[in-house]
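Each remark here refers to the structure printed beneath this line.
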Amino acid sequence: MSILEAIRIAIGSILSNKLRSFLTLLGTIISISSIVAVISVINGLNIYVEESISNLGKGVFVISKFGVIHNRDDLFAAIRRNKNLRLQDGLAIKKACDLVDEVGVEIHASAKAKRENLSIEGVDVGGITESILDIEPFEIDAGRNFTRSEIVGRSYAVFLGNDVREALFPDTDPIGKKITVGQRRFLVVGAAKKRGSVFGMSRDNYVKIPITTFQKIYGTWGSVNISCRKAPGVPIDEAMDQARVVLRSRHHLKYKDEDDFGIVTSDGLNDLWKNLTAAIFSIATFVVGISLVVSGIVIMNIMLVAVIERTREIGVRKAVGATNRDITRQFLVESVILSCLGGFLGLLLAAALSVIIQNVSPLPARFPLWAPPMAFFICTTIGIFFGLNPARKASRLDPIEALRAE
Amino acid sequence: MSSPGKEIIHLDNLRKTYVMGSEEVHALDGVDLSILQGEYVAIMGPSGSGKSTLMNLIGCLDTPTSGGYVLNGNQVGDLSEDELAYIRNREIGFVFQTFNLLPRLTALKNVELPLIYSGIGVSEREERARESLDLVELADRVDHRPNELSGGQRQRVAIARALVTRPTILLADEPTGNLDSTTSMDIMKLLNQLNKNGNTIILVTHEKDIARHAKRAVVIRDGKIISDGSTDTLGEETSAIASTESTSYSHSEDPS
């Protein structure tokens, strides 16, 4: 008997008992759909992180007071040890490092922005040097970047994020208009393209002003972030080492002292993120793995019932020439089809779920293409593993006894 | 096809012993039997006589404890389960008292069943199943399921299924046991006709009237053949058996 024949027989018997088959499948449907939905969300987050959270372009690293800190002890040590970074540190790196071809410096505060009777709260005010807009790509939608002389001359010029623009200039062109940020009046020179949101948090609620102006208003005590872009054709590690040496010598660190600043790269951020999602993934896999085992047991149970119910049929098949192998194959194929059908329906449900999650919740979800083959593989394994015992039982029935069965 | 008159079944001192607890039960106690191509043989005997055991052994559903069994030139005495399945598929067509059709399948699919295990392709399978159903005059019922057919029609489907592999022997176990007398006559006519066409038929029954349709009667009692001869002589000498049978049957009769 060919495998095709076994599939035909199995489909026949699954269809002849639709309700029971469906109930049997429910376990598999739920476990497959939940694991695929979890994978979709993690996959969506990963893609999202790669695309957007780390705004850093390729070959860019950021030196900041703390960097990426993984645990509380490190944080306390860093708070005791690390010095504030200054604008001059950035300028020194730019001057001394030939492996770094662009350096931008940025510092942050929060303020309210107003124009006439319109206002927006909690605006992230970034004091920057003009190269920041190039290094961390901010696409200019209208107007222009700051000029060198605006930066040096501490001018009251402002570059708007999309939220601020929409809030203060709902239907007028902002360029050349004046707005109030905090207590001061600024001239709008440019506006950025919309960047969207992450986890429901807007990434467009900001304004940029020259860093010199920022320091005039807020003082020079705050720590700045120094964004560096490596020179073309240079390994990023060498550029980072060069910048590190410069900063260490400016901070008079001894050979055995630890860095009193942190360096973040987009790769580093992604690694951190991937570690985090890998942990979520393994926990989710474990939980869903248990439910898959349970659904396998359900399938085994129903197949054992089917063997008892169809004892007479097995007897007839054996009498007309079915070998033990034929019978084993028939029941094994049936349990594999059952679990794969469950997996298939589970995938459909998961695809629907990820569309719903994507549209309704702030979580991004993206259905990964490798989920269907994975689900197929898992379901086949479950079908074989849990179908083997019932199939053996069926094949070992004595034809004489089986034909006498009610 | 083997030539007419060729020996297709040869049983040589066949024994089957069941061990029940500490007791040995000799279901068959040294049976010698020879059946030729084209014969129409009734195997008779009361329940417990060993007639079912004999049928199971001839049908290759079971293996003997000792003794030889040659079926159409094959030594089948000590074959493995799967080898026996192969023999059943090609050499034997079963007709059961309870029809044993698969309720989910149409008449056509039921008849195709043995051919699935012969590894025959879909189109040839269907063609041969139709031919076979045509032979039992059910060509217009191919798409009916067993529950849409009368008892007689079901038994005809079962006979068509038994014939579809063109087996060496047709093994009919109380084929009329679940049918009324008119329908029984129809089925027996069909079997008679099949025998005339050259099919070798072994009929297992306890009813003398049914056994008379066969040409030779083998009577079994306590695991031994007690008489073997033409059904014309089936009368006085076996009446005692028949009466024993009828009483024992009335006790053991299954109400279903």
Side-chain angles (χ1 to χ4, degrees), chain A residues 1-21 302 305-334 337-338 391-406, chain B residues 16 18 27 52-53 55-57 59-63 79-106 109-122 125 145-146 158 160-165 167 171 173 254 256:
Chain A
M1 184 178 67
S2 69
I3 198 90
L4 203 71
E5 215 53 70
I7 291 172
R8 214 170 285 164
I9 293 169
I11 289 175
S13 59
I14 289 169
L15 290 183
S16 72
N17 231 325
K18 292 194 189 72
L19 178 64
R20 190 169 79 186
S21 301
I302 223 70
V305 171
V307 170
I308 291 167
E309 254 183 10
R310 306 219 291 261
T311 302
R312 179 74 83 103
E313 173 185 329
I314 295 163
V316 173
R317 288 183 185 276
K318 285 195 154 191
V320 301
T323 59
N324 291 355
R325 245 185 83 184
D326 290 331
I327 301 292
T328 308
R329 183 180 283 179
Q330 178 190 331
F331 281 87
L332 212 49
V333 164
E334 185 169 332
I337 288 182
L338 262 181
R392 283 263 174 78
K393 226 168 205 159
S395 79
R396 283 181 188 157
L397 284 175
D398 175 24
I400 301 168
E401 296 292 332
L403 280 169
R404 259 185 229 143
E406 273 313 301
Chain B
K16 182 71 183 179
Y18 295 105
S52 295
T53 306
M55 193 209 69
N56 288 338
L57 286 174
C60 293
L61 286 168
D62 205 354
T63 47
L79 293 182
S80 72
E81 281 184 45
D82 281 358
E83 285 165 326
L84 285 177
Y86 180 90
I87 298 281
R88 286 198 293 274
N89 184 244
R90 278 152 183 86
E91 307 283 353
I92 291 156
F94 285 100
V95 178
F96 302 97
Q97 177 176 359
T98 49
F99 322 134
N100 278 332
L101 299 176
L102 300 189
R104 281 189 287 110
L105 305 183
T106 62
K109 294 287 168 197
N110 263 296
V111 176
E112 279 184 30
L113 199 62
L115 298 179
I116 290 177
Y117 299 107
S118 317
I120 285 169
V122 179
R125 227 154 60 195
R145 289 198 161 71
R161 178 180 66 190
L163 291 172
V164 77
T165 55
L171 199 54
D173 180 17
D254 191 345
S256 69

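What's counted below: heavy atoms across the whole structure, side chains too, no hydrogens, waters or symmetry copies. If you're wondering where the values come from, they're calculated on a predicted model, not measured in any experiment.
- Formation of a donor-acceptor pair under 3.5 Å by the B:R88 side chain with backbone atoms of A:K318 is found in this model.
- Contact of B:L102 with chain A is made through the side chain alone, with heavy-atom distances under 4.5 Å.
- Pairing each heavy atom of A:G321 with each of B:Y117, the nearest pair is O-CB, 3.7 Å.
- Looking at B:R90, neither its backbone nor its side chain comes within 4.5 Å of chain A, counting heavy atoms on both sides.
- The pair A:R396-B:E81 does not meet the salt-bridge criterion, since no charged nitrogen lies less than 4.0 angstrom from a carboxylate oxygen.
- The CG atom of B:L101 lies 12.0 Å from the CD atom of A:E313; values are rounded to the nearest 0.5 Å.
- Counting all heavy atoms, side chain and backbone alike, B:N56 lies closest to A:R404 at ND2-NH2, 4.5 Å.
- The most heavy-atom pairs under 4.5 Å with chain B, out of A:L403, A:D398, A:V320, come from A:V320.
- Of all heavy-atom pairs between A:A319 and B:F96, the closest is CB-CZ, 4.0 Å.
- One distance of note links CD1 of A:I400 with CG of B:L61; it measures 5.5 Å at 0.5 Å rounding.
- Rounding to the nearest 0.5 Å places CD of A:Q330 at 9.0 Å from CD1 of B:I116.
- A:R317 contributes atom CZ, which lies 5.0 Å from atom CG of B:L113 (distance to the nearest 0.5 angstrom).
- Note on A:P399, A:A322, A:G12, A:S13: by heavy-atom pairs under 4.5 Å with chain B, the leading option is A:A322.
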